[in-house]
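Numbered from 1 within each chain, the chains take letters A, B, ... in sequence-line order. Everything numeric here is computed off the predicted structure, so don't read it as measured data.
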2 protein chains.
Amino acid sequence: MNKRQVQKQFTHEKIIAAAKQIFIEKGIINTATAQIAEAAGVAHGTLFLHFPNKDSLVIELLDVELAKFSDSIKKLIVETSDIVTILEQYLNLIQAEEGFFSSLARELPDYKAELRRKILFRESLLREHFYRVIEKGIEQNIYAKVDITSALTFLFGTINYYLSLKTSFVQEGSVIEKFKPSIIKTMRDLLLPA
Amino acid sequence: MNKRQVQKQFTHEKIIAAAKQIFIEKGIINTATAQIAEAAGVAHGTLFLHFPNKDSLVIELLDVELAKFSDSIKKLIVETSDIVTILEQYLNLIQAEEGFFSSLARELPDYKAELRRKILFRESLLREHFYRVIEKGIEQNIYAKVDITSALTFLFGTINYYLSLKTSFVQEGSVIEKFKPSIIKTMRDLLLPA
DNA sequence: CAACTCGGTGAGTGTGTACTCAGTAAAGGG
DNA sequence: CCCTTTACTGAGTACACACTCACCGAGTTG
């Protein structure tokens with residue numbers, strides 16, 4: 001890579017990093033492209049050399065984050081079959097991206113179809129993984145013969161619900177962190193045989 | 001009331017009705033004040049004679065709807081103590097306003113603080129009512145000695161979750177209707193002693 | 001019925017924002 | 001060393017939207 005290409009890629013990454021940061025703080029709709037450019041330390045116009053429009057920027061950012069997240073989940077599920085450990089780690093992952101994905105999820109309906117599809121894909125992926133883990137555990141008599149769908153609905157529903165509270169509890173700290181113990185307790189109660 | 005006052009009130013109500021209709025269809029942020037005026041059959045400027053700004057219109061509409069909803073819930077809970085009936089009726093109520101409140105809830109984070117507070121108030125009200133019903137039931141040995149908080153988290157979390165799916169399942173029909181049986185089943189399992 | 005009140009009108013204004021484009025300077029190539 | 005290519009710049013454009021205001025005419029009042 002020559003000097004120009006290096007510079008170009010550097011700028012590209014600066015913009016994405018800045019966008020992620022501001023989106024977490026203010027949400028996507030509330031962030032003007034000019035602000036992203038300013039935060040990235042480039043001219044407003046530069047942004048549109050790297051992305052044809054704001055949506056493309058959001059989608060590329062989402063793709064990158066989704067890939068990271070998906071890899072972490074796969075790794076996690078391959079490495080352990082203990083439901084409590086998986087849950088804990090999973091909640092840690094959610095927590096790390098809490099601001100970004102939850103703000104995205106909340107803006108979803110106002111936003112474009114492709115974003116919606118991506119978020120939904122991510123969720124179906126997670127459900128699928130969990131489903132397999134639990135199913136295998138049941139076969140091996142590790143877990144109780146629960147209604148898997150109910151258990152997963154509880155898990156995802158609860159997380160969704162807590163995240164939706166986020167803007168209300170504006171205090172410092174992670175929403176997931178706060179509710180982690182009760183989520184784990186309930187999932188354990190649901191899954192482990194009495 | 002003289003002719004002028006009647007006319008004024010009529011216009012006021014026309015605007016609110018039109019606003020509700022369009023908000024359900026397109027969400028609040030995506031609806032321009034000019035469109036509301038057009039749908040109401042009044043001039044754009046007329047809207048601002050009746051409401052100082054768009055937010056006030058939203059808040060008045062929300063107040064009206066909240067009052068209706070709250071009354072229905074109170075009545076429902078006074079009239080019956082059978083949890084399954086209460087749940088069914090409650091889900092019917094949610095369903096009737098599904099479009100309006102769920103679109104509101106989804107836009108919340110982008111929107112103004114007072115709206116957030118009102119939605120939150122509504123939820124705390126509902127939780128409170130349910131809490132009382134279940135608590136009373138437990139005292140009278142009607143329901144299992146469940147962890148009330150978990151049960152309610154499941155209920156509200158799940159409903160929230162299903163509503164968040166709404167824009168994805170754009171097909172006709174109510175989201176709540178679709179998931180009602182599984183919500184009721186799980187709540188019954190949680191609440192009724194084995 | 002003349003004078004006045006007041007709800008309604010809609011073209012106009014100000015603002016915020018996504019996106020453009022003519023110009024600039026540094027890098028690359030012959 | 002000069003010419004071309006290219007990433008970048010930032011003032012400018014187009015547009016959408018909330019909100020205004022000078023004017024109108026029907027309703028009310030004495």
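- Between A/Glu177 and A/Lys180 a salt bridge is recorded (basic side-chain N to carboxylate O distance below 4.0 Å).
- Between the NE2 atom of A/His44 and the C1' atom of D/dC8 there is a distance of 14 Å, given to the nearest Å.
- Rounded to a whole Å, the NZ atom of A/Lys3 is 15 Å from the C1' atom of D/dC8.
- Straight-line distance from the CD1 atom of A/Ile15 to the C1' atom of D/dC8: 10 Å, rounded to whole Å.
- Toward the 5' end of DNA chain C, the nearer of the two residues A/Gln35 and A/Thr46, judged by each one's closest nucleotide, is A/Gln35.
- Between A/Lys68 and A/Glu65, at least one side-chain nitrogen of the basic residue sits less than 4.0 Å from a carboxylate oxygen of the acidic one, meeting the salt-bridge criterion.
- Between A/Phe51 and the choices A/Thr33, A/Ile15, A/Leu61, the side chain to side chain contact (heavy atoms under 4.5 Å, CB included) rule is met once, by A/Ile15.
- D/dC17 atom C1' lies 15 Å from atom CG of B/Leu57, rounded to whole Å.
- The heavy-atom pair separating A/Gln35 from A/Ile22 by the smallest distance is O-CD1, 3.6 Å.
- If you take CD1 of B/Ile29 and P of D/dA18, they are 11 Å apart, rounded to a whole angstrom.
- Nearest-nucleotide positions on DNA chain D place B/Phe48 closer to the 5' end than the other of B/Asn2 and B/Phe48.
- Taking every nucleotide of DNA chain C with any atom under 4.0 Å from a non-hydrogen atom of chain B, the first and last of them, 5' to 3', are C/dT5 to C/dG10.
- When all heavy atoms of B/Arg127 and B/Leu152 are compared, the closest pair comes out as O-CD1, 3.8 Å.
- Side-chain polar atoms of B/Glu13 and B/Gln9 form a donor-acceptor pair below 3.5 angstrom.
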Can you list the steps and then say if A/Leu91 with A/Gln95 is a side chain to side chain contact (heavy atoms under 4.5 Å, CB included)? CA-CA 6 Å; A/Leu91 292 173; A/Gln95 191 177 325; 5.5 Å; no

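- Across the protein-nucleic acid pair, B/Leu49 atom CG and D/dC24 atom C1' stand 13 Å apart, rounded to whole Å.
- A donor-acceptor pair shorter than 3.5 Å cannot be found between the side chains of A/His50 and A/Glu60.
- Contacts between residues 4-13 of chain A and DNA chain D, defined by a heavy-atom separation under 4.0 Å, are made by A/Arg4, A/Gln7, A/Lys8, A/Thr11.
- Taking the six-membered ring where the residue is Trp, B/Phe69 and B/Tyr90 present perpendicular rings, their angle passing 60° and hence far from 30°.
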